[in-house]
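Reviewing the structure listed below.
Below, chain A is the first sequence line, B the second, and so on; all start at residue 1.
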Amino acid sequence: MKFLKQNWLVISIFLLVSLLVLIRTFSHKNFRYDAVKWAAPSALGTNILTEDQIPALSGDKLLINLGNKAISNQQFRDITLDINPESLLEKTNLKLIRRNKGPVILYSEESSVSARVWMVLSEMGLKNIYILSNDATINNR
Amino acid sequence: MEIRRKFSALLLLLSFVLALLPLSANRSFTVKPDKLLSEVLNEDVSFTVDQVAEFIVREDSTIQLIDLRSPEEFRKQTIPGAVNIPYHDLINTDPDIWLNNKNIRNIFYSNGNIEPDYALVYARGLGYTNSFVMAGGMTEWINTVIETKFEGDRITARENTLFEVRRRAGEMFTELNNLPDSLKTRFLESKKFSAKKLDGGCQ
Amino acid sequence: MNPYLAGTLLGIVLLLAMFISGRGLGASGGIKYCVVSLVGAVNRPHVENSTYYSTYFEDGRKPLTNWLTLEIFGIVAGGFISGALSGRLKLKVEKSPKISVTRRLIFAFLGGVLFVYGGQLARGCTSGAALSGMAVLSLAGFVTMIAIFGSAFVFAWFFRKNWI
Amino acid sequence: MGPLSSYFAFPDWLNMLTAFLIGTGFGFALEQAGFSSSRKLAGMFYGYDTTVLKVFFTAAIVALIGSQFLSYLGLLNLNQVYVNEFYLTASITGGVIMGAGFIMGGFCPGTGLSALSIGKIDAMVFVAGGFTGAFIFTETYPLIEGMATAQYKGPVKINESLGLSPGLFTLIMVAAAAVMFRVAESAEKKFARPEITNELK
């Protein structure tokens, strides 16, 4: 008690700063610290998959169809979820993505939609997010 | 004495927290995720190649085309007025050097789609709301602006202006890309950004 | 004021300078800007012929409205406010009782000449290079700080008669 | 977000106003620390008064820790905060000249300006010397240009050249400062000069 009374200012400043740091680090409502780090896979191209690479991935796969056209390949049907990109960040959908243990694969017939969504999700600190691209030439590297 | 102890303890505690943080001088997204998502899914963040062609023909000084491809590809063929910032460089250096002019609309493009869309979200996430993309990239540019020929009997006034713009933009494109290599390199070099110098120090 | 509290206050001012203007504090630079604008007012052709001076007048800039110049006017104002609040306003020469006023003033003058000269050479004095430099972890700041204090400790022996 | 001046594209008058206000805070803090007294400043080098060390390091550390937390919280972009350019030769030579100036004049430019405002005549003479020094510098710059620009290393950060993370370097620096503060306080007792320090109170 005496210790607290003597050092209340030191303790309260330290707790306040630590609290702010913890909120910043673990908050789900905000983007994570260091944009460069989270964007790195996009610069390396490691976040792009083709259909035949999917079976090789380990863990529970979740395919999210952001577009209007169904994926032609039948084998992915039971792991596919149709989500409208606008409602992707709604609580229930986001929970689904966060809870999924394994790769989350984004698909849309418009590759720009999946690319934009990928960047948003990655900057929120989600790892293991991929873009499904059937057309190997779509991403000319 | 007493103050010194308390003070040293506080500073040590705080710097201990700092030592645990993955600190770097890199930036983080500042907007809220849902706001950013609805912003970048909106149609008005992308321009069609025809709109871009019109900017070029009008020599619009409020837009800046940014070519995200590799320097080799950029030297081989590029859209008039574009500057080259390879996507990798955009991510790995402070983008403020390039994007800080709020009076200019920056339009990203690459060969296809994906990379400009990353760049769009990245730049807007960091607060550069003056960022746009050219839908379809170079592929679409070549298909639409350079290679479409008018076919048919009658032409409406609107079609006429559209084709006139495409023809002019196409001419400018061919002219630039047919320049002898040395001249072209010099022209493109002259369009390079020079790193913004920070003001400070005591000089 | 307790030195640690005063240091915190100074640190907060420095942090504000970084947060608002993206730069550290400075003093010798402001003195130079004043001199440059004085020389510019007195002898314009001289300024235009010199490559060093003319950089300070490029694009119609005025050295007198530079950030650093305004800042050192602020230092004088801030010092006055603080002195007035603490009742320290008094016209006097502060010196060791063992030395004469003339000796103190001559050394003060020489010290000023050397300090600003060295400060401009090192691109910042104790505030611009050492203090602000250390706050941004600049290597230049640490080297300058060590050079200033290290050499001052050495020279202190030669000038001890002036102070103790 | 920050620095605010580039985020909000401050107009010139606002930049000048903030410069003046920051300067006011700077001068106020220097005077409050007791830096308007040359004998207090010089005490650092004879051990009887180590206020300089305490204030100087406290200020640098507070700004260092503060700026890194602000950066982590997304409020300050440290890429846009000026980092001093490192010219090895000039930094050392300039530093040694400044060291000599410090012990002769008893002020540094910032403290000199702050002290002249409360009527210290020696500070006024010091600043007049400073003006002369600046004039000599600008006039002789062409002669020393080679030396002034030699061994340019760019805006290097000390933690990078040591291969440490900024946070870890900060921790080491704070630990070193805590030790120095302790040593300084015992030095004050050892080299005490009551005849001077009592006069300064």
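- Between the side chain of D:S117 and the main chain of C:F80, a donor-acceptor pair closer than 3.5 Å is present.
- In terms of heavy-atom proximity, C:F19 sits nearest to D:L70 at CD1-CD1, 4.1 Å.
- Interface check for chain C: of the options D:L30, D:L17, D:V52, D:I103, the most heavy-atom pairs under 4.5 Å are formed by D:I103.
- Comparing C:T144, C:L14, C:L105, C:V154 by how many heavy-atom pairs each has under 4.5 Å with chain D, the most go to C:L105.
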| Does the pair C:L139 and D:K157 meet the rule for a side-chain contact (heavy atoms from CB on, under 4.5 Å), with working shown? | CA-CA 5 Å; C:L139 184 55; D:K157 290 200 172 187; over 6 Å; no
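- At least one donor-acceptor pair closer than 3.5 Å links the side chain of D:N84 to the backbone N or O of C:G128.
- Minimum interatomic distance between D:E31 and C:G83 (heavy atoms only, all atoms of both residues): OE1-N, 3.7 Å.
- Both tests pass for C:R123 against the ring of D:Y87: distance under 6.0 Å to the centre and angle within 45° of the axis.
- By number of non-hydrogen pairs under 4.5 angstrom with chain C, the leading residue of D:G130, D:A29, D:A128, D:A148 is D:G130.
- Between the CZ atom of D:F169 and the CZ atom of C:F142 there is a distance of 4.0 Å, given to the nearest 0.5 Å.
- Counting heavy atoms from C-beta outward, C:V76 and D:S114 have side chains that stay 4.5 Å or more apart.
- Looking at C:W67, its side chain never comes within 3.5 Å of a backbone N or O of D:T18 through a donor-acceptor pair.
- Interface remark: C:S50 contributes no atoms to any contact with chain D (heavy atom separation under 4.5 Å).
- Contact record, D:P3 with C:S21: CB-C, 4.1 Å, taken as the closest heavy-atom pair.
- In this structure, chain D has a heavy atom under 4.5 Å from the side chain of C:R104, while its backbone stays farther away.
- Contact count versus chain C (heavy atoms, under 4.5 Å) is highest, among D:F86, D:F57, D:F10, for D:F86.
- Judged purely by atom type and a 3.5 angstrom limit, D:S5 uses its side chain to pair as donor or acceptor with the backbone of C:I20.
- How far OG of D:S37 is from CD of C:E94: 3.5 Å, rounded to the nearest 0.5 Å.
- Proximity of C:F109 to D:F126: side-chain heavy atoms (C-beta onward) are nowhere separated by under 4.5 Å.
- The candidate from C:T8, C:L110, C:N162 with the greatest count of non-hydrogen atom pairs under 4.5 Å with chain D is C:T8.
- Contacts of C:V101 with chain D are absent, with no heavy-atom separation under 4.5 Å from either backbone or side chain.
- Between chain D and the residues C:S132, C:S96, C:G141, the largest count of heavy-atom pairs under 4.5 Å involves C:S96.
- Looking at C:F159, both its backbone and its side chain come within 4.5 Å of chain D, counting heavy atoms on both sides.
- Between the OG1 atom in D:T51 and the CE atom in C:M1 there is a gap of 13.0 Å [rounded to 0.5 Å].
- Counting heavy-atom pairs under 4.5 Å between each of D:G43, D:G110, D:C108, D:G34 and chain C puts D:C108 at the top.
- Under the 4.5 Å side-chain criterion, counting only non-hydrogen atoms from C-beta, D:D122 is not in contact with C:K95.
- Of the atoms belonging to C:T51, not a single heavy atom falls under 4.5 Å from chain D.
- One finds the CZ atom of D:F107 at 11.5 Å from the CZ atom of C:F115 (value rounded to the nearest 0.5 Å).
- When heavy atoms are compared at a cutoff of 4.5 Å, D:M124 approaches chain C solely by way of its side chain, counted from C-beta outward.
- Looking at C:V93, both its backbone and its side chain come within 4.5 Å of chain D, counting heavy atoms on both sides.
- Interatomic distance, CD of D:Q32 versus CG of C:N2, reported as 11.5 Å (0.5 Å rounding).
- Interface residue C:A130: backbone and side-chain heavy atoms are both found under 4.5 Å from chain D.
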| task | Begin from the C-alpha positions of C:L15 and D:V62 and carry the test side-chain contact (heavy atoms from CB on, under 4.5 Å) through to its verdict. | result | CA-CA 8 Å; C:L15 187 58; D:V62 166; 5.6 Å; no
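- Side-chain atoms of C:Q120 and D:T138, non-hydrogen and from C-beta on, never get closer than 4.5 Å to each other.
- Although no hydrogens or angles enter the test, the distance criterion places a donor-acceptor pair under 3.5 Å between the side chain of D:Y46 and the main chain of C:A156.
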| task | Might you work through the side-chain hydrogen bond (donor to acceptor under 3.5 Å, both in side chains) test for C:Y117 and D:T140, ending with a clear yes or no? | result | CA-CA 10 Å; C:Y117 193 93; D:T140 58; 3.1 Å; yes
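- With a 4.5 angstrom heavy-atom cutoff, C:V39 touches chain D only via side-chain atoms.
- Judged purely by atom type and a 3.5 angstrom limit, D:R39 has no side-chain atom pairing as donor or acceptor with the backbone of C:I164.
- Heavy atoms of D:I61 lying under 4.5 Å from chain C are absent altogether.
- Residues D:F137 and C:Y52 form a side-chain contact, since some pair of their non-hydrogen atoms from C-beta on lies under 4.5 Å apart.
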| said: Working note: C:Y53 + D:Y141, criterion side-chain contact (heavy atoms from CB on, under 4.5 Å); need CA distance, chi angles, decisive distance, verdict. | reply: CA-CA 10 Å; C:Y53 276 117; D:Y141 185 77; over 6 Å; no
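- C:L85 touches chain D through its side chain: at least one heavy atom from C-beta onward sits under 4.5 Å away, while N, CA, C and O do not.
- For chain D, the option among C:I12, C:L114, C:I81 with the highest count of heavy-atom pairs below 4.5 Å is C:L114.
- Note on D:I65, D:I97, D:T24: by heavy-atom pairs under 4.5 Å with chain C, the leading option is D:T24.
- With rounding to the nearest 0.5 angstrom, the NZ atom of C:K32 is 14.0 Å from the CZ atom of D:F135.
- Listed options D:A60, D:S161, D:A33, D:S91 were ranked by heavy-atom pairs under 4.5 angstrom with chain C; first place goes to D:S91.
- The two residues D:A19 and C:L70 come nearest to each other via the heavy atoms CB-CB, 3.8 Å.
- Closest of all the heavy-atom pairs between C:F155 and D:V96 is CE1-O, 3.7 Å.
- For CG of D:D12, the number of neighbouring non-hydrogen atoms (other residues, nucleotides, ligands) closer than 6.0 Å is 12 at most.
- The residue among C:L38, C:T65, C:L16 with the most heavy atom pairs within less than 4.5 Å of chain D is C:T65.
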| message | With side-chain contact (heavy atoms from CB on, under 4.5 Å) as the criterion, how do C:I72 and D:F26 come out once you've worked through the C-alpha distance, each side chain's angles and the decisive distance to 0.1 Å? | response | CA-CA 9 Å; C:I72 67 161; D:F26 187 27; over 6 Å; no
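- When the candidates C:A152, C:A27, C:C34, C:A6 are compared by the number of heavy-atom contacts under 4.5 Å with chain D, C:A152 comes out ahead.
- The shortest distance between side-chain heavy atoms of D:F102 and C:S151 does not fall below 4.5 Å.
- Across D:I22 and C:V13, no two heavy atoms sit closer than the pair O-CG1, 3.6 Å.
- Residues D:F56 and C:L10 have side chains not in contact (no heavy-atom distance under 4.5 Å, counting atoms from C-beta outward).
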